[in-house]
Amino acid sequence: MLVNWHDPDHIYLVCGKTDMRKGIDGLAMVIAENYGLELYNNSLFLFCGGRNDRFKGLFWDGEGFIMLYKRFENGHLSWPRNSNEAKELSAQQLDWLLQGLNPLPIRKIQAVRPGSFYLNFKNKLATGLK
């Protein structure tokens with residue numbers, strides 16, 4: 001059976017490292033216990049272990065779970081390792097992931113707190129605009 005990666009209504013990337021020895025039941029328990037997401041609503045869940053050249057997917061097809069396993073022979077994934085959460089991906093982000101790009105790019109520009117520009121400007125005025 002060939003899988004169209006864009007068929008599921010929801011695509012979730014489980015950030016961080018997952019024990020890749022887990023099977024269908026173990027991965028389903030990870031989702032149910034840690035993230036509170038619905039397993040049976042046409043969702044694809046993606047997991048990666050310590051190696052970035054392979055990942056597993058868990059998908060409910062209406063009759064049972066399908067576990068997908070993909071290994072890249074030439075390259076690796078850019079898998080977010082910084083948190084233990086599940087992020088929903090768009091079809092474009094999934095394509096980026098499968099091309100080895102980071103689907104969740106890191107923001108280079110920090111959000112500004114309201115009023116912080118004014119406070120910094122006021123402080124510079126008080127110190128003589130240095």
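In this structure, L27 and V14 have side chains that are not in contact, with every pair of non-hydrogen atoms separated by 4.5 Å or more.
Nearest heavy atoms, D61 versus E63: OD1-N, 2.9 Å. Annotation for P8 and L44: closest pair CG-CB, 3.8 Å, computed over non-hydrogen atoms. Heavy atoms only, all atoms of each residue included: P103 and L89 are closest at CB-CD2, 4.1 Å. The two residues W60 and L39 make their nearest non-hydrogen contact at CB-O, 3.5 Å.
In terms of the side-chain hydrogen bond (donor to acceptor under 3.5 Å, both in side chains) criterion, residue partners of S43 (sequence neighbours excluded) are, by chain and number, N41. Every side-chain contact (heavy atoms from CB on, under 4.5 Å) that D19 has, sequence neighbours left out, goes to R21, K22. Checked against side-chain contact (heavy atoms from CB on, under 4.5 Å), L37 has the following partners two or more places apart in sequence or in another chain: Y12, I31, Y35, F45, A86.
Expressed to the nearest 0.5 Å, how far OG1 of T18 lies from CG of N34 amounts to 9.0 Å. Between the CG atom of L13 and the CG atom of L94 there is a distance of 9.0 Å, given to the nearest 0.5 Å. Distance CZ/F55 to CZ/F47: 11.5 Å, rounded to 0.5 Å.
The side-chain hydrogen bond (donor to acceptor under 3.5 Å, both in side chains) contacts involving residues 45-55 comprise N52-R81, R54-Y69, where partners must be two or more places apart or lie in separate chains. Among residue pairs with one or both ends in residues 85-94, those qualifying as salt bridge (Lys or Arg N to Asp or Glu O under 4.0 Å) are E85-K87; sequence neighbours excluded. Contacts classified as salt bridge (Lys or Arg N to Asp or Glu O under 4.0 Å) and involving residues 23-38 (residues at least two apart or in different chains) are not found.
The only member of I66, I11, D7 that meets side chain to side chain contact (heavy atoms under 4.5 Å, CB included) when paired with F59 is I66.
A continuous path of ILVMFWY side-chain contacts below 4.5 Å connects L46 to F72, so both sit in one hydrophobic cluster.
Shown here is M29, whose CE atom has no more than 12 heavy atoms of other residues, nucleotides or ligands within 6.0 Å.
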